[in-house]
Each structure stands twice: as structure tokens, then as C-alpha cells.
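Throughout, numbering of the chain's residues begins at 1 and tracks the sequence. Side chains are part of it too, since the values below use all heavy atoms of this structure and drop only hydrogens, waters and symmetry mates. Quick caveat: nothing in here was measured; it's all calculated off a predicted structure.
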Amino acid sequence: MKVEIAKSAGFCFGVKRALEISKQAASCGKKVVMLGDIVHNEHVVKELENSGIKKIRALSQGSGKTLLIRAHGATKKTLFSAKKLGYRIIDATCPMVKEIHRIALNMENKGYRIIVIGDKNHDEVKGIVGQLASKAIVIENKLPLPKKQLKSVLKAAVVAQSTQNLNQVIKTFQALNKVIPQIKFFNTVCRPTRVKQEEVRTLPLKNDLVIIIGSKSSANTKRLYEISKSINPLTYWINSRKEIKNNWFKGIKTVGITAGASTMESVIFDIASGIRTF
């Protein structure tokens, strides 16, 4: 069985940086907590918890504790509450996500209504919206547009969740451009996401079958799966070697593998090794 692993598979810069910051924080010997997962991947979260970083659901008394802000970022309200409760803050927000915060705030200050193209319930989107004084409009990356919501918007600035499908983001913006008189678009889909998406458009054409590796809670992995599946129906999304099914590989000669931005290299190689045995 010939196995091709995409060059872009696995950790992106933002995730690598967040993990380095997390490990440094854990090595200081102080109590470190994080609100939710540092990134959307169970293997990574487990590794961090083993290093002594505890996951919490809500903020409590923070004296003597360090709050680790995840790669997806946090709302202003969360940061304010944490400081008030006495937490020391270590910020592992991806710099590219920080840039989206900066753009959204800047455009809001110039009088633009902010529109975010992204998944409403995703942590990154909540963090972007949570920077603003006025209520942002969040549009899931699909058509048709929610025209009732947009009816009174005359001047808008559009940003996108960093891991969205770029082609679809452009289509959504083009539709917005037809209904909003004054509009500005900022392409905030990050470069690692764009590179992964470009590569996953060729992988399904060169291989009989494609494996996408990553957590089911990972937005960027979901996009990779959707793109690959639309090109090659023999695309499967797994998060560990034990999820591989023998019957997938009957008559298959070549397998392409890629992985989401928060997937560990060791998991990718373990799955590739398992596939090569068929």
C-alpha cells in the first residue's frame, strides 16, 4: 500500500506556539488552569493534563492560580473577570486570531458594523465577538444569507473565522456585497489553513482513498474532510488508529493522508504505519 502524507499535515504555527507556552507555564510549578481545551484535540489536551494543567468549566477564586488563555482566544469579559478574581494571565492566543480581534475593533471604532463569517458556537468566533462594544452579526458560512438580520445594515466590515473554507467565504462575501451598500472585506482565513485546503484539493485526485485525521470538534479538520469528500467519496475522518476499518482498503493501491492543525505528529505516523500493513 502506497501512503502519501500531505506536507501541511498536523500542527500549525499557532498550535505549536500555544503548546510551547503551555509547557513553559506547567514547568513553573504553579497551579495552571485553562477554560476548556487549549486546542480542539483530545490527544493534545490529555498530554497537557498529564503535565499538570487542569481544565476548568468556570472561573472561581484565582489567587495563586494562573489562567492559560487558549489558542482560540477569549472574550474581554472573561479576561476582566479572571483579573478581578486574582488570576495571573498567560495568553496563548494565536497571533493570527489576535489580528482578527485588532481588525474587528479598529473597524468598529470607525463606525462599521462587524460581520463574522464562521461557526456561531466556535470558541474563536465567540472570542472575536467578545472583543466588541456593539453586537456583531455572525453568519454561518453558507447561503442563502439571513436577510432579515442584514436589512438595516448600511456599512459593514467582514472578517472570517481563521479556519473557514476560503472559497465559501468569498462566495458569502460576494452575496453580502450585493445587499450592503458600504462594505469592506478582510481575508482573515489564516495562511496555514489556506495551504492545507489547497493541498487537500489535490490529494483526493492523486489517491484512491483519503484519510483525514483530527478531532470531531476541530473546525479546520472538518473543512478538510468536507473538501476532500466532495472530490473523492472514499474519504474517511478518524482521530486514532483504532478507528481504521479493514474493509475500506479492498482494492485500494494509494492512500493520501492529511491532518488538522491540532493533530499530533505521533498520531499521524501511527495511523500511517497501521495503513501500510494492509
Side-chain angles (χ1 to χ4, degrees), residues 11-109 113-116 118-138 159-163 188 190 215-220 261-262 264:
F11 285 169
C12 66
F13 159 77
V15 170
K16 283 180 186 173
R17 178 180 174 275
L19 293 179
E20 283 168 14
I21 291 170
S22 304
K23 285 169 185 175
Q24 284 171 11
S27 68
C28 289
K30 293 183 179 178
K31 190 170 184 181
V32 182
V33 298
M34 57 184 176
L35 269 172
D37 299 332
I38 187 75
V39 293
H40 288 151
N41 187 280
E42 296 87 339
H43 302 293
V44 175
V45 171
K46 190 177 179 183
E47 189 175 274
L48 284 185
E49 286 177 337
N50 289 340
S51 75
I53 298 175
K54 187 182 175 187
K55 186 166 72 171
I56 58 172
R57 290 187 178 182
L59 296 172
S60 57
Q61 186 53 45
S63 183
K65 297 176 190 173
T66 296
L67 177 66
L68 182 65
I69 303 299
R70 302 168 298 159
H72 301 111
T75 65
K76 275 187 175 179
K77 187 180 176 183
T78 297
L79 291 170
F80 177 79
S81 298
K83 285 172 185 174
K84 200 174 177 184
L85 287 163
Y87 287 91
R88 174 179 172 249
I89 308 289
I90 292 180
D91 193 353
T93 304
C94 173
M96 294 173 192
V97 173
K98 282 275 196 186
E99 177 63 7
I100 303 173
H101 293 181
R102 188 195 66 76
I103 291 167
L105 267 171
N106 182 43
M107 296 312 291
E108 182 185 50
N109 291 336
R113 184 77 182 275
I114 305 302
I115 295 175
V116 183
D119 303 324
K120 244 172 224 183
N121 295 317
H122 194 278
D123 297 320
E124 182 187 322
V125 172
K126 288 178 182 177
I128 297 165
V129 171
Q131 305 302 310
L132 306 170
S134 56
K135 193 177 180 183
I137 296 172
V138 179
V159 296
Q161 179 184 345
S162 65
T163 55
T188 55
C190 71
S215 171
K216 289 296 190 288
S217 62
S218 166
N220 74 86
S262 53
M264 295 169 73

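Listed here is the closest heavy atom pair of Thr66 and Tyr87: C-CD2, 4.3 Å. Closest approach of Thr163 to Ala219, counting heavy atoms only: OG1-CB, 3.8 Å. The nearest pair of heavy atoms linking Ile89 to Ala82 is CD1-CB, 3.6 Å. Contact between Ala25 and Ile90 at its shortest, heavy atoms only, is CB-CD1, 3.7 Å. When every heavy atom of Leu59 is checked against every heavy atom of Ser81, the shortest pair comes out as CD1-CB, 4.0 Å. Residues Ser22 and Ile38 approach most closely at OG-CD1, 3.5 Å, considering heavy atoms.
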Show me the donor-acceptor pairs within less than 3.5 Å that the side chains of residues 118-131 make with the rest of the protein, sequence neighbours left out.
{"residue": "Asp119", "atom": "OD1", "partner": "Arg223", "partner atom": "NH2", "Å": "3.1"}
{"residue": "Asp119", "atom": "OD2", "partner": "Arg223", "partner atom": "NH2", "Å": "2.5"}
{"residue": "His122", "atom": "ND1", "partner": "Glu124", "partner atom": "N", "Å": "3.0"}
{"residue": "Asp123", "atom": "OD2", "partner": "His40", "partner atom": "NE2", "Å": "3.0"}
{"residue": "Asp123", "atom": "OD2", "partner": "Arg70", "partner atom": "NH1", "Å": "3.2"}
{"residue": "Glu124", "atom": "OE1", "partner": "Ser162", "partner atom": "OG", "Å": "2.8"}
{"residue": "Glu124", "atom": "OE2", "partner": "Ser162", "partner atom": "N", "Å": "2.7"}
{"residue": "Glu124", "atom": "OE2", "partner": "Ser162", "partner atom": "OG", "Å": "3.2"}
{"residue": "Gln131", "atom": "NE2", "partner": "Ala74", "partner atom": "O", "Å": "2.8"}
{"residue": "Gln131", "atom": "NE2", "partner": "Gly127", "partner atom": "O", "Å": "2.8"}

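Checking side-chain atoms of Arg113 against main-chain N and O of Lys135 turns up a donor-acceptor pair under 3.5 Å. No side-chain donor-acceptor contact under 3.5 Å links Arg17 to the backbone of Cys12.
Between Arg102 and Glu99, at least one side-chain nitrogen of the basic residue sits less than 4.0 Å from a carboxylate oxygen of the acidic one, meeting the salt-bridge criterion.
For the atom pair CG of Leu85 and CD of Gln61, the computed distance is 6.0 Å after rounding to the nearest 0.5 Å. Between the OG atom of Ser217 and the CG atom of Asp37 there is a distance of 6.5 Å, given to the nearest 0.5 Å. Taking CG of Leu48 as the reference point, atom CG of Leu68 lies at 8.0 Å (rounded to 0.5 Å). For the atom pair CE (Met96) and OG1 (Thr188), the distance works out to 11.5 Å, reported to the nearest 0.5 Å. Taking CG from Leu79 and NZ from Lys76, the interatomic distance works out to 9.5 Å, rounded to the nearest 0.5 Å. Atom CG of residue Leu132 and atom CG of residue Leu105 lie 5.5 Å apart, to the nearest 0.5 angstrom.
Checking Ser134 against Glu108 by side-chain atom types alone, a donor-acceptor pair falls below 3.5 Å.
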Stepwise side chain to side chain contact (heavy atoms under 4.5 Å, CB included) check, Lys98 with Asp91: CA-CA 10 Å; Lys98 282 275 196 186; Asp91 193 353; 2.8 Å; yes
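The closest side-chain heavy-atom distance from Val97 to His72 is not below 4.5 Å. Annotation: side chain of Val39 is not in contact with side chain of Phe11 (no heavy-atom distance under 4.5 Å). Contact check for Lys65 versus Lys54: no side-chain heavy atoms found under the 4.5 Å cut-off.
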